[in-house]
Participant: 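Here it is, the structure in full.
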Amino acid sequence: MVEGAVAATPSPLLMGVSLLGGIGLFLLGMTMLTDGLKLAAGRALERILAAWTRTRLHGLATGVLLTALVQSSTAMTVAAIGFVNAGLLSFTSALWVVFGSNVGSSVTGWLVAWIGFKMKIDAFALPFIGLGMALKLTGEGTRRAGLGMALAGFGVLFLGIDMLKEGFEGLGPQALPPLESTLGGVVLAGLLGIGLTILLQASAATFALVLTAVAGGMMPVEVGAGMVIGANIGTTLTGILAAIGATSNARRLAAAHVLFNLVTAVVAIVLLSPLLALIHAVGVWLTGSGDVVTQLVIFHTLFNLLGVALMWPLSGPLVRFLLARFGSADEDAARPRYLDRNVAAVPALALQALRREMARMGHLAMQLAGEAVRLNPLVLPWPPAEPQADARLARQLETVEQLQKEIGRFVSEISRNPMHKEVANQLPELLRIATHFDTLSRVMHHVGVQGSHTPRGEGSGASVLSVLILPGRTESPAAEAEAGAASPGIVACVVPVFVAAQGFFASADPEGAHQGPGGEWLVAEARTAFEEAYQTAKAALLHAGAGGAVDVNAVYDWLSRMSDLRRAVEQGFKAIQRLAALPELSAQTDGAPVDNSTADMESAE
């Protein structure tokens, strides 16, 4: 009997191995689930976030649903910070996605409570693993493989929970440091939850550990609740790390995540006893028994919902508070330097301020254009794009667009006042110029992103790609190759176009060294040089594509990019022409003032 009893008791080593293995399987399953769903979704996640975050209620619901899907609030928060950093989401839209992700994290607890403790896990998990791996192996490189990885990860996740349950079997409260169900014990449990979540880098793993420990009688439900509260705080560390070196809005979002979790934790600790008592009473009334696992899951869901309810009226002040912090040079550039409400009362002075601000907007637009050109081939071999190139372009575009909005508001403000015809006639022209600069910025942002994502390896530019038949040549590619002629590749062909564009944007900078007397002539000369380079490269690419010397799709791609570049050059040339054609204001504005509501304020083409 004694020997049988000893044999039935698991050894500490075996229990430790089961616990470590269970944690490892749980984390592996969660990683597979998250990565698989990302692969299966492709770029659909970006479209969903853009389309479903128009209001804070939509953003909240999106955060809940996507976190429930990927089973990781940490991954969802990091993704939201990444989208804000890349300019795909605004700060206010992403804020409610992050708040929703906290509520969505409770879905993991419900799955563990309903499936992990109420079903035979082997019968549930193994079919998911088998089906998932079959999909992955038969669909390598497709979305089916991503879906298969997600299904397999789902099964592995619950196998990990099963191993955790085995590891906790036979252990009692004496296996852990004694923590009482007092305020001090709950706070200490919260600190333990924070440390465990930082160590595991997943609040869901901590949550699963706590649920299995509470179910095994190793800790009271109050201590488990304290650890769950701490896990919510600990999950903010990953977001903080993701925001280091990111944009101002990304850092604001990480700060909002920390504030939300801290406020929610304080509320949960203050209301811990009454909430648990209420949940227990309702559970006994509904089921006749107080299931501690279900109590803990309901508590986790409830205090996150209370946090959202608290943040709903406080979101406005929170946004204003955060917008006043984490400022950057880009945001300072987006603030008007010359436009002032006091100046708006004097239309002639307001017009001068507008023209100075317009020149500054043009300078920022040309800086963006120059940055975008540098991401495209200017020399051979074509160097790789710098890290964070897309994010930097997105910030520059946001700066130009914000400045254009401020200029538009200022024009609307001064247009309400009576003004002389000389002033009124220039306002539509200034709006046209602002539109030209804005269009140039948008087009060049697209050109720059294309350049940063174009592979530099063999077949795309660092080396000679294919033989091109240049205009006027009659030799076939084979004949040229036999003769040993050094024929340029596609990238070598388009390099002069981007070099000419770089020269144009430098000469067209309204605040650049080339402006002043004769500056318009230099801009026109730079535009002519660009047009010649463009036509030469276009003819060469078309000849190569028609002759079969290069991939036609590659020719189409580069022709499209060159066409965008040409459009941006035309927009910049029109803006500089219109700026140069603006008349100087007379010292005295003679004549009767006019009501600007009758002035021609037609929108720019």
Side-chain angles (χ1 to χ4, degrees), residues 333 359-390 392-397 399-400 436-454 456 460-462 488-516 518-541 557-577 579-580:
R360 200 168 77 86
M361 179 185 175
H363 170 68
L364 294 172
M366 297 305 168
Q367 278 189 328
L368 185 156
E371 181 79 18
V373 168
R374 283 190 290 275
L375 292 172
N376 284 275
L378 290 174
V379 294
L380 290 177
W382 184 10
E386 297 178 4
Q388 298 290 323
D390 286 4
R392 188 164 57 250
L393 275 180
R395 291 195 297 269
Q396 288 177 305
L397 178 62
T399 298
V400 174
H436 290 319
F437 284 138
D438 179 67
T439 303
L440 180 149
S441 300
R442 290 173 182 271
V443 173
M444 289 308 299
H445 171 262
H446 178 65
V447 171
V449 170
Q450 282 184 306
S452 70
H453 287 276
T454 302
R456 266 60 164 180
S460 45
I490 290 182
V491 174
C493 181
V494 301
V495 162
V497 182
F498 287 97
V499 171
Q502 186 182 45
F504 171 82
F505 292 128
S507 65
D509 187 344
E511 293 185 350
H514 297 290
Q515 293 306 307
E520 311 89 76
W521 179 83
L522 291 174
V523 173
E525 189 178 57
R527 180 205 176 212
T528 301
F530 169 82
E531 185 65 22
E532 290 175 354
Y534 170 81
Q535 294 297 342
T536 301
K538 180 180 178 182
L541 289 174
D557 288 343
W558 283 105
L559 285 176
S560 175
R561 196 182 309 185
M562 284 167 48
S563 179
D564 287 339
L565 190 63
R566 187 190 191 197
R567 185 186 176 204
V569 168
E570 289 301 315
Q571 292 293 314
F573 183 64
K574 288 179 181 178
I576 296 303
Q577 275 189 317
L579 271 176

Participant: Heavy atoms only: give me the nearest Cys493-Ala540 pair and the separation to one decimal.
Facilitator: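 Distance-wise, the nearest heavy atoms are SG-CB, 3.6 Å.
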Participant: Roughly how far apart are Glu511 CD and Met361 CE, rounded to 0.5 Å?
Facilitator: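 The CD atom of Glu511 sits 12.5 Å away from the CE atom of Met361.
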Participant: Counting neighbours of CD on Gln535 that are heavy atoms of other residues, nucleotides or ligands and sit closer than 6.0 Å, is the number greater than 12?
Facilitator: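 Yes - once you tally the heavy atoms of other residues, nucleotides and ligands closer than 6.0 Å, there are more than 12.
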Participant: If you define the side chain from C-beta out and look only at heavy atoms, does anything of Val373 sit under 4.5 Å from Met444?
Facilitator: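 They are in contact (side-chain heavy atoms under 4.5 Å apart), so the answer is yes.
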Participant: Please identify each residue that fulfils salt bridge (charged side-chain N to carboxylate O under 4.0 Å, His left out) with Glu570, with sequence neighbours left out.
Facilitator: Arg527
Participant: Taking the side chain from Thr528 and the backbone from Ala524, do they hold a donor-acceptor pair closer than 3.5 Å?
Facilitator: yes
Participant: Among residues at least two apart in sequence or on other chains, which ones pass salt bridge (charged side-chain N to carboxylate O under 4.0 Å, His left out) with Asp438?
Facilitator: Arg442
Participant: Answer yes or no: is there a side-chain heavy-atom contact under 4.5 Å between Asp390 and His453?
Facilitator: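 A side-chain contact exists here, since the closest heavy-atom pair is under 4.5 Å.
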Participant: Give, for atom CG of Leu440 and atom CE of Met366, the distance between the pair rounded to the nearest 0.5 Å.
Facilitator: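 One gets 5.0 Å once the value is rounded to the nearest 0.5 Å.
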Participant: Working to the nearest 0.5 Å, report the span between CD of Gln502 and CZ of Arg374.
Facilitator: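 Gln502 CD to Arg374 CZ: 6.5 Å, rounded to 0.5 Å.
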Participant: Would you call Leu375 and Leu393 a side-chain contact if the rule is heavy atoms closer than 4.5 Å?
Facilitator: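 With C-beta onward as the side chain, the pair touches.
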Participant: Under the side-chain contact (heavy atoms from CB on, under 4.5 Å) rule, collect the residues that match up with Val495, sequence neighbours excluded.
Facilitator: Pro377, Leu380, Val491, Val499
Participant: Restricting to side-chain hydrogen bond (donor to acceptor under 3.5 Å, both in side chains), what partner residues turn up for His446, sequence neighbours left out?
Facilitator: none
Participant: Can you find a pair of side-chain heavy atoms, one from Phe437 and one from Leu364, that are under 4.5 Å apart?
Facilitator: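 A side-chain contact under 4.5 Å is absent here.
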Participant: Quick one: which residue pairs count as a salt bridge (charged side-chain N to carboxylate O under 4.0 Å, His left out) with a foot in residues 558-567, not counting sequence neighbours?
Facilitator: Glu531-Arg566
Participant: Quick one: closest heavy-atom pair of Val449 and Ser452, and the distance?
Facilitator: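 Answer, listing the atom of Val449 first, then Ser452: O-OG, 2.9 Å.
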Participant: Rounded to the nearest 0.5 Å, what separation is found between the CE atom of Met562 and the NZ atom of Lys538?
Facilitator: 8.0 Å
Participant: Which atom names give the shortest non-hydrogen contact between Val497 and Ala537, and what distance separates them?
Facilitator: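 Smallest heavy-atom distance, with atoms named: CG2-CB, 3.4 Å.
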Participant: Residues two or more places apart in sequence or in another chain: which of them pass salt bridge (charged side-chain N to carboxylate O under 4.0 Å, His left out) with Glu532?
Facilitator: none
Participant: For residues Pro496 and Thr536, determine if any side-chain heavy atom of one lies less than 4.5 Å from a side-chain heavy atom of the other.
Facilitator: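 Answer no - side chains too far apart.
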Participant: Compare all side-chain heavy atoms of Trp382 with those of Thr454 and state whether any distance is below 4.5 angstrom.
Facilitator: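 Trp382 vs Thr454: side chains touch.
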Participant: Find the distance between CG (Leu579) and NE2 (His436) and round it off to the nearest 0.5 Å.
Facilitator: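 One gets 9.5 Å once the value is rounded to the nearest 0.5 Å.
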Participant: Just verifying a value: how many Å separate Arg392 CZ and Glu371 CD, rounded to the nearest 0.5 Å?
Facilitator: 4.5 Å
Participant: Tell me, with the steps shown, if Leu565 and Phe530 meet side chain to side chain contact (heavy atoms under 4.5 Å, CB included).
Facilitator: CA-CA 10 Å; Leu565 190 63; Phe530 169 82; 3.8 Å; yes
Participant: Is there side-chain contact between Thr399 and Leu368, with heavy atoms separated by less than 4.5 Å?
Facilitator: no
Participant: Do you know the tightest heavy-atom contact between Val400 and Ser441?
Facilitator: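 For Val400 and Ser441, the tightest heavy-atom pair comes out as CG1-OG, 3.4 Å.
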Participant: Is Asp509 reaching over with its side chain to a backbone N or O of Phe505, donor-acceptor style, under 3.5 angstrom?
Facilitator: no
Participant: For the residue pair Ala568 and Val443, what are the closest heavy atoms and their distance?
Facilitator: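 What the structure gives for the nearest pair is CB-CG1, 4.1 Å.
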Participant: Between Phe573 and Phe504, how do the two ring planes meet: parallel, tilted or perpendicular, split at 30° and 60°?
Facilitator: tilted
